[in-house]
Amino acid sequence: MKKVIAITAALALAPTFAAAESFQEAFEMNRAMHGKNHVFEWNGNKYNTNHEEEVEAAVKATKANALDLIAKAKAKNKEAAEVGFEWKLTGGIIKDAEKAVEAGEYRKALDLAAQAKYHSRMGIQQHAYAQKHWHLSVPQ
């Protein structure tokens, strides 16, 4: 009898839990399950699983567009460095993007610049998390 009540309660509450998830949770779950370019529905609206940097890189592969996105990646990386959360590999990715431009590989440069900008944005998010949850790293 207890199992029936527990299962009934779980089934009754399942829609509540699904509706209570945040957009970020819904995005991350769908991105993990389906990768980029997947459309999912959340709160009655449709969204895709592309990161903002992937959307920025989805422009025509020209030298001007590649240089523009590299400049944005450098600016975001500088922002991450200023708060002390620059990722070690990001500078190398930016250099690789610049080399790709020199070689005329503009699509590769756009993709690398998008990756570097994403890493920088994640570094900034790490900083925000560390500021909010600093007490979790203090030994008891």
Side-chain angles (χ1 to χ4, degrees):
M1 179 68 174
K2 287 183 184 179
K3 282 185 180 179
V4 173
I5 293 172
I7 292 171
T8 306
L11 291 174
L13 293 174
T16 306
F17 290 131
E21 77 181 3
S22 69
F23 173 78
Q24 190 64 33
E25 291 168 333
F27 176 88
E28 289 172 1
M29 180 190 69
N30 278 281
R31 175 70 184 218
M33 288 174 39
H34 304 287
K36 64 181 181 178
N37 296 321
H38 174 73
V39 176
F40 67 98
E41 192 170 319
W42 184 76
N43 283 356
N45 295 316
K46 292 188 181 210
Y47 300 92
N48 70 46
T49 56
N50 296 335
H51 293 292
E52 63 185 67
E53 294 82 8
E54 292 168 331
V55 173
E56 287 179 285
V59 295
K60 187 174 181 183
T62 65
K63 184 176 183 176
N65 286 341
L67 291 174
D68 181 53
L69 191 52
I70 290 170
K72 289 177 182 178
K74 285 181 175 180
K76 188 60 77 174
N77 194 45
K78 182 180 178 191
E79 209 178 309
E82 287 172 354
V83 296
F85 276 74
E86 176 184 20
W87 290 8
K88 185 176 182 178
L89 66 130
T90 307
I93 295 170
I94 292 171
K95 286 179 185 174
D96 289 344
E98 292 172 330
K99 288 177 187 173
V101 168
E102 290 172 14
E105 298 173 318
Y106 305 131
R107 172 56 43 211
K108 181 178 178 180
L110 282 164
D111 292 341
L112 288 167
Q115 183 182 12
K117 188 173 179 227
Y118 173 79
H119 288 179
S120 300
R121 184 167 60 88
M122 290 301 102
I124 293 166
Q125 283 185 7
Q126 279 184 320
H127 173 260
Y129 181 87
Q131 292 297 306
K132 185 176 180 181
H133 298 94
W134 63 269
H135 61 283
L136 297 175
S137 61
V138 177
Q140 294 184 8

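Heavy-atom basis, side chains included; hydrogens, waters and symmetry copies ignored.
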How far apart are the closest heavy atoms of A26 and W42, and which atoms are they? CB-CD1, 3.4 Å
Distance from T90 atom OG1 to L112 atom CG, nearest 0.5 Å? 12.0 Å
Expected output: side-chain R31 to main-chain H38 donor-acceptor under 3.5 Å: no
Testing the basics here: between F27 and F40, what is the closest heavy-atom pair and its distance to 0.1 Å? CA-CZ, 3.8 Å
Check whether the side chains of N37 and N48 place a donor and an acceptor atom closer than 3.5 Å, and report yes or no. no
H34 side chain to N30 main-chain N or O, any donor-acceptor pair under 3.5 Å? no
Can any side-chain N or O of T49 pair as donor or acceptor with the backbone N or O of G35 at less than 3.5 Å? yes
To check you understand the geometry: which heavy-atom pair defines the closest contact between A97 and A109, and what is its length? O-CB, 3.5 Å
If every non-hydrogen atom of E21 is compared with every non-hydrogen atom of E25, which pair is closest and at what distance? CA-OE1, 3.2 Å
Can you tell me how far NE2 of H127 sits from CD of Q131, rounded to the nearest 0.5 angstrom? 4.0 Å
To the nearest 0.5 Å, how far apart are CZ in R107 and CD in E105? 12.5 Å
Only pairs under 3.5 Å count here: list side-chain donor-acceptor contacts from residues 64-83, not counting sequence neighbours, and write none if there are none.
unit_1, atom_1, unit_2, atom_2, d
N65, ND2, K60, O, 2.8
N65, ND2, T62, OG1, 3.3
K74, NZ, E98, OE2, 2.5
N77, OD1, S120, OG, 3.3
N77, ND2, E86, OE2, 2.9

Separation of N45 CG from F23 CZ (nearest 0.5 Å): 9.5 Å
For the side chain to side chain donor-acceptor pair (under 3.5 Å) test, which of Q115, H119, R121 pairs with E53? R121
How long is the span from the NZ atom in K63 to the CD atom in E102, to the nearest 0.5 Å? 8.5 Å
Once you measure the plane-to-plane angle for H51 and Y118, does it fall in the parallel (<30°), tilted (30-60°) or perpendicular (>60°) bin? tilted
Can Y106 be reached from I93 by stepping across I, L, V, M, F, W or Y side chains whose heavy atoms are under 4.5 Å apart? no
